[in-house]
Trainee: 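A single structure is presented below for examination.
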Amino acid sequence: MSSQTPVYDRLVAERGDIPVQVRGEADRISRDLARVLPQTPASRPSAPPSVFEPKAPSSSP
């Protein structure tokens, strides 16, 4: 780190660089998931519809 961030530098020295550790774990989990989950096409019929999309008009009288 630079001398402009003494508080952050002290925290990193005391506790480790947590953001770097989290990024590393996230990358590892992403690789593990990519290996064990099958790659699916972009359309996922099993996914629930988005609550933000407008509902289709119903044809009931």
Side-chain angles (χ1 to χ4, degrees):
M1 289 291 121
S2 69
S3 61
Q4 296 178 348
T5 58
V7 173
Y8 185 77
D9 291 342
R10 189 175 61 229
L11 283 171
V12 168
E14 292 174 5
R15 311 260 175 159
D17 197 341
I18 303 302
V20 168
Q21 293 172 8
V22 169
R23 275 192 296 276
E25 283 299 303
D27 289 343
R28 183 189 60 78
I29 291 168
S30 180
R31 285 190 307 270
D32 290 350
L33 286 173
R35 190 183 58 211
V36 297
L37 293 178
Q39 297 296 321
T40 58
S43 64
R44 300 182 321 193
S46 63
S50 171
V51 296
F52 299 107
E53 293 178 10
K55 294 184 178 184
S58 62
S59 59
S60 52

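Treat the numbers as computed from the prediction; the structure is a model and nothing was measured.
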Trainee: Cluster question for you: counting only ILVMFWY and a side-chain heavy-atom cut-off of under 4.5 Å, with indirect links fine, are Leu37 and Ile29 together?
Mentor: yes
Trainee: For Arg15, is the CZ atom crowded, meaning more than 12 foreign heavy atoms sit under 6.0 Å from it?
Mentor: no
Trainee: Does the side-chain contact (heavy atoms from CB on, under 4.5 Å) test come out yes or no for Asp32 and Arg35, once each step is laid out?
Mentor: CA-CA 5 Å; Asp32 290 350; Arg35 190 183 58 211; 3.8 Å; yes
